[in-house]
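Heads up: the structure comes next, in C-alpha cells.
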Amino acid sequence: QVQFVESGGGLVQPGGSLRLSCAAPGFTLDYYAIGWFRQAPGKEREGVACIGHSHDSTYSLDSVQGRFTISRDNAKNTVYLQMNSLKPEDTAVYYCAANLMRSACTSVVRTMEYAYWGQGTQVTVSS
C-alpha cells in the first residue's frame with residue numbers, strides 16, 4: 001500500500017538542470033536510507049545515489065558524480081536529487097525507494113534491497 005511519489009522530471013536541453021523530489025505520503029522517510037534509481041529504454045534499472053539517515057551519501061555511478069547531488073529534508077519528509085549539467089545519456093525514468101534493511105548507505109546501491117517503488121518521473125535530455 002505504501003508507494004513513493006517521484007516528481008520534477010521533464011524535457012531539458014543538454015547542460016540544463018532539474019531537481020527531482022521523492023515523497024511518500026503516510027510513510028516516514030527519516031528512518032531509512034533512500035535511493036534514487038533510473039531505467040533507460042531497453043535497459044535494467046540501475047542505482048544512481050543513496051542518502052542515509054545521518055545524511056551520508058553514495059553515488060554509485062561515476063558518470064553522475066560531481067553533477068548530481070542527493071539530499072534530504074526530514075522536516076518536509078522529502079528526498080531530492082539535484083541534477084546539473086545534464087547529458088542525453090541521463091535520459092531515463094527516475095525512481096526513488098526505501099532500503100528497509102538499513103538506515104545507512106552502502107558502497108553500492110542495490111536495487112534488490114529497496115522497496116515501495118513509485119511510478120517514476122521521466123527525464124529527457126535532448127536538443
Side-chain angles (χ1 to χ4, degrees):
Q1 293 182 1
V2 176
Q3 186 177 57
F4 281 24
V5 180
E6 302 93 344
S7 62
L11 176 64
V12 65
Q13 299 280 348
S17 297
L18 289 171
R19 189 175 77 159
L20 307 184
S21 297
C22 173
F27 183 86
T28 301
L29 302 178
D30 181 41
Y31 302 114
Y32 307 99
I34 306 297
W36 278 101
F37 305 80
R38 68 186 185 186
Q39 187 168 19
K43 297 185 179 296
E44 294 185 352
R45 190 170 301 179
E46 61 181 353
V48 176
C50 171
I51 186 164
H53 170 72
S54 299
H55 297 260
D56 55 303
S57 61
T58 296
Y59 298 91
S60 59
L61 299 178
D62 290 339
S63 62
V64 309
Q65 195 157 11
R67 298 189 298 120
F68 291 10
T69 302
I70 189 169
S71 63
R72 68 193 305 162
D73 187 338
N74 290 329
K76 297 181 179 179
N77 201 39
T78 303
V79 174
Y80 304 98
L81 184 68
Q82 178 68 46
M83 305 186 297
N84 299 325
S85 302
L86 283 163
K87 303 175 180 180
E89 52 263 42
D90 296 318
T91 297
V93 178
Y94 284 72
Y95 303 87
C96 62
N99 191 323
L100 302 184
M101 299 176 61
R102 54 181 57 86
S103 60
C105 295
T106 57
S107 59
V108 296
V109 185
R110 298 183 173 88
T111 302
M112 62 182 294
E113 296 181 0
Y114 290 76
Y116 303 149
W117 303 91
Q119 296 296 312
T121 184
Q122 176 71 51
V123 172
T124 302
V125 185
S126 177
S127 60

What side-chain donor-acceptor pairs closer than 3.5 Å can you find for residues 22-36, not counting sequence neighbours?
| from | atom 1 | to | atom 2 | distance (Å) |
| --- | --- | --- | --- | --- |
| D30 | OD1 | H53 | ND1 | 3.2 |
| D30 | OD1 | N74 | ND2 | 2.8 |

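- Taking the ring centre of Y80 as origin, the terminal cationic atom of R19 falls inside the region bounded by 6.0 Å and 45° from the ring axis.
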Query raised in the report: Between F37 and Y114, does a ring pair (Phe, Tyr, Trp, His ring centres under 6.0 Å) hold up when you go through it step by step?
Result: CA-CA 10 Å; F37 305 80; Y114 290 76; 4.9 Å; yes
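- Cluster membership check: Y95 does not share its hydrophobic cluster with I70, using side-chain heavy-atom separations under 4.5 Å among Ile, Leu, Val, Met, Phe, Trp and Tyr.
- When the options V93, T91, L20, L11 are evaluated for a side-chain contact (heavy atoms from CB on, under 4.5 Å) with V123, the one that passes is L20.
- Not a single donor-acceptor pair under 3.5 Å links the side chain of T58 to the backbone N or O of C50.
- In this structure, R72 contributes its side chain and G52 its backbone to a donor-acceptor pair below 3.5 Å.
- Atom CD1 of I51 is separated from atom OH of Y59 by 7.0 Å, given to the nearest 0.5 angstrom.
- The closest donor-acceptor contact from the side chain of S60 to the backbone of V109 lies at 3.5 Å or more, if one exists at all.
- A single hydrophobic cluster is not seen to contain both L18 and V5; linkage of ILVMFWY side chains at heavy-atom distances under 4.5 Å, directly or through other members, places them apart.
- Under the 4.5 Å side-chain heavy-atom criterion for grouping Ile, Leu, Val, Met, Phe, Trp and Tyr, M83 is connected to V79 within one hydrophobic cluster.
- With D56 contributing its side chain and C105 its backbone, the two residues share a donor-acceptor pair below 3.5 Å.
- Using a distance-only test at 3.5 Å, with no hydrogens or angles considered, no donor-acceptor pair links the side chain of R45 to the main chain of T111.
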